Each structure stands twice: as structure tokens, then as C-alpha cells.
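Everything on this sheet refers to the single structure shown next.
Only heavy atoms go into these numbers, but all of them, side chains included; no hydrogens, no water, no symmetry mates. Remember, it's a predicted structure, so these values are computed and weren't measured experimentally.
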Amino acid sequence: MAIATADLVVTAVDLPSARRALAHYEGYFKPSCMWLDLGNGHRHGQAVFGALSPRHRERYPCVIDVYPELASLKDDPRKSCSAAESLGTQDCLVNRAVTTAGMGIVWELLRYGRTAKHCLSINLETGEQMAASFPPS
């Protein structure tokens with residue numbers, strides 16, 4: 001399968017169980033495969049870029065490492081990123097803000113072949129944005 005040769009996996013899922021499943025299915029991907037996960041709540045969100053392989057997670061933590069509560073968080077079937085359902089539970093621009101942050105990381109990877117960005121957090125309520133970078137080599 002083509003996904004087994006992927007260099008980057010991008011996820012934007014509603015269910016914590018989907019993130020856990022991918023994190024535990026890492027043996028299917030190349031050891032160097034990286035993972036960009038996009039997630040959001042009502043007025044906040046984040047883009048987390050890290051390694052899919054546990055061998056590289058100490059240096060490049062993935063979303064499961066950054067948010068350990070995902071290990072026990074129950075799925076909420078009422079949450080959805082579908083346009084109609086999300087209008088009732090999310091601010092209008094939260095998905096766009098998180099996607100733009102994630103695409104900024106992808107752009108750096110394509111343009112420069114690397115990025116120092118690890119986690120970009122956005123809070124539309126306060127207007128704050130926070131970036132975390134990987135430690136220097």
C-alpha cells in the first residue's frame with residue numbers, strides 16, 4: 001500500500017480513539033514517517049507535528065505525547081467537524097485558523113525540507129497564539 005511509504009501523515013479527526021489507533025499502528029509506516037495532527041475545541045485549537053515512530057518520539061513528540069490525556073479520553077460522538085454540526089459547537093474560524101497553522105508547517109517542509117515548529121496553539125477567545133519548537137540538535 002502507498003501509505004506504508006508515506007513521509008508525512010496528516011490527521012484531523014474528531015475521536016481520540018482514532019489518534020490512539022494511529023499511534024499504535026506505527027509499525028506499518030516507515031520509521032522516519034512524521035505525523036501532523038490538527039485538532040480543535042470551541043474557540044481554540046492546535047497543530048502538533050511529531051514522529052509517528054516511538055523510536056523518534058523522544059526528540060519529536062507526537063500529539064499523543066503532547067496531550068497524554070488522549071490515552072484515556074472517551075470518544076464523544078456528538079462532536080463533529082462537519083460544517084452543519086460544527087456551526088453549533090465551534091466558532092466560525094477555528095477550523096480555518098488551525099488548518100492555516102498546520103499548512104504553515106507543511107509549507108516549510110516542502111519549501112525548505114525542514115521545520116523547527118513542533119506545536120502551534122491558537123486561542124480565538126484571547127487572541128493568543130503560542131509556538132513550541134523542537135530543541136536544537
Side-chain angles (χ1 to χ4, degrees):
M1 283 191 134
I3 198 164
T5 63
D7 292 312
L8 175 65
V9 173
V10 180
T11 55
V13 297
D14 295 323
L15 304 174
S17 63
R19 289 179 173 95
R20 288 191 300 268
L22 183 61
H24 290 96
Y25 202 56
E26 81 284 332
Y28 187 73
F29 300 96
K30 295 187 325 188
S32 61
C33 186
M34 299 299 282
W35 179 10
L36 175 62
D37 181 77
L38 309 175
N40 66 279
H42 175 65
R43 299 195 73 194
H44 66 279
Q46 68 284 329
V48 179
F49 178 67
L52 194 51
S53 170
R55 286 190 275 169
H56 301 291
R57 285 191 191 160
E58 185 174 316
R59 175 143 168 75
Y60 305 109
C62 71
V63 67
I64 299 292
D65 304 320
V66 174
Y67 296 101
E69 63 272 17
L70 288 173
S72 59
L73 201 60
K74 302 282 186 229
D75 289 346
D76 184 351
R78 297 171 297 162
K79 286 183 152 186
S80 175
C81 286
S82 73
E85 293 173 3
S86 68
L87 288 175
T89 60
Q90 300 172 357
D91 273 6
C92 174
L93 298 176
V94 69
N95 282 331
R96 179 177 295 249
V98 171
T99 302
T100 300
M103 291 311 299
I105 292 172
V106 171
W107 169 249
E108 287 186 5
L109 292 170
L110 293 173
R111 177 75 168 98
Y112 305 110
R114 65 184 183 285
T115 184
K117 292 183 178 84
H118 166 49
C119 183
L120 301 170
S121 297
I122 297 146
N123 187 323
L124 297 181
E125 186 171 353
T126 64
E128 295 174 309
Q129 294 186 34
M130 187 236 18
S133 297
F134 293 116
S137 300

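A donor-acceptor pair under 3.5 Å is formed between the side chain of Thr126 and the backbone N or O of Glu128. Between the side chain of His44 and the main chain of Ile122, no donor-acceptor pair closer than 3.5 Å is present.
Rounded to the nearest 0.5 angstrom, Asp75 CG and Arg20 CZ are separated by 6.0 Å. Rounded to the nearest 0.5 Å, atoms OG (Ser17) and CG (Leu22) are 11.5 Å apart. The NZ atom of Lys30 lies 3.5 Å from the CG atom of Asp7; values are rounded to the nearest 0.5 Å. The distance from atom CE of Met34 to atom NE2 of His56, rounded to the nearest 0.5 Å, is 8.5 Å. Taking CG of Leu52 as the reference point, atom CG of Leu8 lies at 10.0 Å (rounded to 0.5 Å). Of the inter-residue distances, the one linking Asp37 atom CG with Ile64 atom CD1 reads 7.5 Å to the nearest 0.5 angstrom.
Between Val48 and Cys119 the shortest heavy-atom distance is CG2-SG, 3.8 Å. Nearest heavy atom pair, residue Arg57 against residue Cys62, reads NE-SG, 3.5 Å. The heavy-atom pair separating Asn40 from Gln46 by the smallest distance is N-NE2, 4.3 Å. Summarising the geometry of Pro61 relative to Val66, their closest heavy-atom pair is CB-CG2, 4.3 Å, with the distance given to 0.1 Å. Nearest heavy atom pair, residue Trp35 against residue Arg19, reads CH2-O, 3.5 Å. Here the closest heavy-atom approach between residue Ser53 and residue Pro31 is recorded as CB-O, 3.3 Å.
Using a 4.5 Å heavy-atom cutoff, the side chains of Met103 and Thr100 are not in contact. No side-chain heavy atom of Gln129 sits less than 4.5 Å from a side-chain heavy atom of Leu120.
Criterion: ILVMFWY side-chain heavy atoms under 4.5 Å apart, direct or through other members. Under it, Trp107 and Leu38 are not part of a common hydrophobic cluster.
Relative orientation of the Phe134 and Tyr60 rings is perpendicular, given thresholds of 30° and 60° on the angle between their planes. The aromatic rings of Tyr25 and Phe29 sit perpendicular, their planes meeting at an angle over 60°, well past the 30° parallel limit.
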Run Leu73 and Tyr67 through side chain to side chain contact (heavy atoms under 4.5 Å, CB included) and show every step you take.
CA-CA 10 Å; Leu73 201 60; Tyr67 296 101; over 6 Å; no
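Residue-environment remark: CD (Glu69) exceeds the threshold of 12 foreign heavy atoms within 6.0 Å.
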